[in-house]
Amino acid sequence: MATIQSKDNKTIFFNYFKSLSQTPHRLRKRMLATWTPDQELNQVRLRSGADMKRKLKWYDLVALGVGGMLGVGVFVTTGPVARNHSGPSVFISYIIAGISALLSSLCYTEFSVQIPVAGGAFSYLRVTFGEFVGYFAGANILMEYVLSNAAVARSFTEYLCSAFGISDPNSWRVEVPGLLQGYNKLDFSAVALVLILTFCLCHSTKESSILNLIMTAFHIVFFGFIIIMGFCNGSVENLVKPTGLTPNGIRGVLDGAAIVYFSYIGYDSVSTLAEEIQNPLVTLPVGIIGSVFIVSGLYCLMALALCVMVPYNQIAEKASYSMAFQRIGWKWAGNIVGAGASLGIVASLLVAMLGQARYLCVIGRARLVPSWLSKVHPSTGTPLNATLFLGLCTASIALFTDLDIVIEIISIGTLLVFYLVANALIYRKYVLTSKNPPFPTLSFLFLITSCAIGFSISWKLEQQWWGLPLFGGIIMVVTAFFQYTVPCLRAPSEWSVPFMPWPAAVSIFLNVFLMTTLKMLSFQRFAIWGLLITLFYVLYGVHSTFEAEEMGMKMAVNEVPNPSIQLTKLEV
C-alpha cells in the first residue's frame with residue numbers, strides 16, 4: 001500500500017512539473033480568456049452543485065446595503081476630518097464622497113443586472129478583460145474583506161467596552177509577552193463574534209438577512225437619536241465659528257472627502273447576492289442605489305449634528321460624539337454611543353462576511369482556487385465551505401493582529417477594483433458587443449487615467465496650480481469628444497447607466513484621485529500582496545483553469561459535432 005501511495009505521489013509531482021514547463025503556453029491561452037454572460041449564468045454556475053435559494057426581496061437588499069455601510073466609519077472619521085481638514089463643512093465632504101460612491105455603484109448596478117451572479121466584480125471583469133484581471137480584482141476584494149472584517153471585529157471590543165463604561169479596551173484582551181508588538185494582544189471577543197456570525201451565515205441567508213434587518217433598524221433609530229439630540233442641543237452659530245464654514249478652503253473639503261469616502265465602502269456586497277434575490281432586474285438597482293442614498297443622507301446629518309453641538313476646533317479627535325455629549329452635560333450618552341456603534345459593527349460585519357464567501361465561491365467555480373470552495377450546500381443553499389474557510393481566516397487574524405497593522409492595505413485594493421469596474425463598463429458598452437474597434441476606447445481610458453494622475457499630482461504638490469485646470473479641462477474635452485465620435489451601438493438593457501460615458505469617466509477620475517491620497521506604505525504593502533497573488537496564479541491558477549476549461553473544451557468538441565458553447569478571447 002505504501003509503495004502504491006509513493007508511486008501516486010511521484011506521478012502527481014511529475015505531472016505538476018510537466019505543467020510548469022508549459023506555463024508560457026498556458027498563460028497565453030488563459031490570461032485573456034473570457035466567458036459570455038450566458039455561460040457565467042448557466043454553465044459555470046452549475047459547478048457549485050446546488051443552486052443558492054432565491055428568498056431575498058428588495059427591502060432585504062436595501063437593509064443589507066445600509067447595514068454593510070453603516071459601520072463605525074462615521075464615528076472614527078468625522079471628528080478628525082472636521083477638526084483637521086474640513087471644519088464645519090465636513091458634511092459637504094460627505095456629500096462629495098457620496099457622489100463618488102454613487103457613481104461607482106451605478107457601474108456595479110448595470111453589470112449586476114446584465115450578469116446576476118454571485119461573483120460581483122470578479123465576474124464583471126472576467127467577462128470583459130479576461131481571466132487574469134478578474135482573478136486579480138477578486139483576490140484584492142477578498143483580501144480587503146478578510147482584513148477589514150478582522151479590523152472591524154477588533155474594534156467591536158473597543159466600542160463594547162465603551163458601552164459598559166470601560167475606558168481601556170485592552171482590559172478585555174489577553175497580552176502575551178513573547179509575541180511581537182502589534183500581535184501580542186489576543187482578542188477573544190472578536191473571535192467569538194466572527195465565529196457566531198459564521199455559524200449564522202452557514203445556516204441560512206434569509207435568516208441572516210432578517211437578523212441584519214432588525215439590527216439595522218435599531219442602528220438607524222440610534223443615528224436618529226444622535227441627529228435629533230444634536231440639533232436640539234446645539235447652535236447653528238457653531239457652523240460659522242470661529243473661522244467660517246470652510247476654514248481650510250476647498251482643499252480642506254476635498255481632502256476631507258478622500259478620508260470619509262471609506263465610510264461608504266460596503267455597497268459592493270449587495271451585488272454578490274444576485275443569485276439569492278427575487279426579480280434581480282428590479283431588486284438590484286433598488287438595493288444598491290437606494291442604500292447609497294440612505295447612507296449618504298444619514299452621514300451628512302450626523303456630521304452636521306456634531307458640528308452644531310461643538311465648534312469644529314473643540315471637537316475631540318477620538319470618541320468625538322461621546323465627548324460632544326459630555327460637553328453638553330450628557331455623560332451617559334457616551335455609553336449609548338458605544339452600544340449603538342457595537343450594533344452597527346455586528347451588522348456591517350455580517351454583510352461583509354456574506355459577500356466575501358460568495359466571491360470565493362464564484363472564484364472556486366472558475367477553478368482559480370480549489371473547487372471544493374465553490375460547493376453550495378443543498379439544504380441551506382449557502383456556500384458552506386467558502387463561508388467556513390473565510391470565517392476561520394478572519395477569526396485567526398482578528399485574534400492576533402492590531403487594527404493599525406491591517407488598515408493600511410485595505411483601501412487601495414478596494415479603490416483599484418472600483419476603478420477597474422468603471423473601465424470595464426465603458427469597454428463593454430463601446431467595444432465588446434458592438435462593431436467599434438477597441439483602439440479608440442482603450443486610448444480614451446488611457447487618457448482619462450493619465451489626466452487623473454496628472455491632476456492628482458498637481459493637487460498634492462500644491463504649488464502647481466496650473467495643472468488643475470489643465471488636466472481637468474483635458475478630461476472634459478476628451479470625454480465629450482469620445483461621446484460624439486464613438487457610437488454606443490449596444491442595445492439598451494432593462495437598466496443601464498444614463499449619460500454614458502460621463503458617470504463612468506468621473507468614477508475613474510475620482511478613484512484615481514482618492515488612491516493618490518493614501519500613504520506610501522499602502523502602495524508598498526499592496527505591491528507585495530500583488531506579487532504574491534500573481535505568483536499563486538502562475539503556479540496554480542492558470543494550470544487549474546487550463547485543465548478544467550481547455551481540456552473540457554476538447555472533450556466537448558470530440559463529443560458534439562457543432563458545439564454551441566465556445567470560449568472567447570478579448571480582442572486587443
Side-chain angles (χ1 to χ4, degrees), residues 55-78 94 98 101-102 105 108-109 145 148-149 152-153 155-156 159-160 163 193-194 196-201 203-229 260 262-274 276-278 283-303 305 321 336-358 382:
K55 292 185 175 181
L56 302 181
K57 298 183 179 180
W58 68 268
Y59 52 82
D60 293 305
L61 218 58
V62 172
L64 287 165
V66 172
M69 284 182 278
L70 282 185
V72 297
V74 67
F75 298 104
V76 174
T77 60
T78 306
Y94 272 108
L102 178 63
S105 70
Y108 264 84
T109 302
Y145 270 125
S148 63
N149 289 344
V152 167
S155 66
F156 170 79
Y159 281 94
L160 196 61
L193 175 63
V194 171
I196 290 171
L197 293 180
T198 299
F199 173 77
C200 292
L201 294 171
H203 178 65
S204 170
T205 302
K206 180 61 178 178
E207 277 70 18
S208 300
S209 172
I210 294 173
L211 176 62
N212 170 77
L213 188 62
I214 296 170
M215 290 189 296
T216 301
F218 277 108
H219 201 207
I220 290 176
V221 171
F222 161 69
F223 268 49
F225 166 79
I226 293 179
I227 292 167
I228 294 171
M229 292 301 102
V260 303
F262 304 112
S263 301
Y264 288 91
I265 291 175
Y267 60 81
D268 56 305
S269 300
V270 177
S271 66
T272 66
L273 300 171
E276 298 165 84
I277 57 178
Q278 300 172 7
T283 305
L284 281 166
V286 172
I288 297 174
I289 300 173
S291 59
V292 172
F293 268 114
I294 292 171
V295 169
S296 298
L298 288 173
Y299 280 170
C300 292
L301 292 173
M302 285 281 288
Y321 287 89
I336 294 181
V337 170
S342 300
L343 195 63
I345 287 172
V346 176
S348 64
L349 191 58
L350 177 73
V351 177
M353 292 178 66
L354 195 71
Q356 71 179 14
R358 279 135 189 86
T382 60

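Side chains included, hydrogens not; waters and symmetry mates left out as well; all remaining heavy atoms used. Quick caveat, the model's predicted, so the values are computed rather than measured.
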Residues passing the side chain to side chain contact (heavy atoms under 4.5 Å, CB included) test with L102, sequence neighbours excluded, are S105, I289, V292, F293
Atom pair CG/CG of L350 and L64 - distance to nearest 0.5 Å: 7.5 Å
So, taking the atom named CE in M353 and the one named SG in C200, what distance separates them when rounded to the nearest 0.5 Å? 9.5 Å
Tell me, please, which residues at least two apart from F218 pass side chain to side chain contact (heavy atoms under 4.5 Å, CB included). I214, L343
Could you tell me whether the side chain of T283 and the main chain of Q278 form a donor-acceptor pair under 3.5 Å? yes
Please say whether more than 12 non-hydrogen atoms of neighbouring residues, nucleotides or ligands are located less than 6.0 Å from CZ in F225. yes
Y299 side chain vs Y264 backbone, donor-acceptor pair below 3.5 Å: no
Given the options V351, L349, N149, L354, L197 meets side chain to side chain contact (heavy atoms under 4.5 Å, CB included) only with L349
Any side chain to side chain donor-acceptor pair (under 3.5 Å) pairs touching residues 56-71, not counting sequence neighbours? D60-K206, D60-S209
Measure the OG-CG distance between S291 and L61 for me, rounded to the nearest 0.5 Å. 7.5 Å
For T216, give me all partners under side chain to side chain contact (heavy atoms under 4.5 Å, CB included), at least two apart in sequence or on another chain. V66, N212, I220, A347
Partners of T78 by side-chain hydrogen bond (donor to acceptor under 3.5 Å, both in side chains), sequence neighbours excluded? Y94
Got a second to check how far L70's CG is from F223's CZ, nearest 0.5 Å? 4.5 Å
Parallel, tilted or perpendicular: which describes the rings of H203 and F199, with under 30° parallel and over 60° perpendicular? parallel
To check you understand the geometry: which heavy-atom pair defines the closest contact between G68 and S348, and what is its length? O-CB, 3.6 Å
Across all chains, not counting sequence neighbours, the ring pair (Phe, Tyr, Trp, His ring centres under 6.0 Å) partners of Y145 are Y359
Answer yes or no: is there a side-chain heavy-atom contact under 4.5 Å between L284 and I277? yes
Measure the shortest side-chain to side-chain distance between I294 and M69 over non-hydrogen atoms and say whether it is less than 4.5 angstrom. no
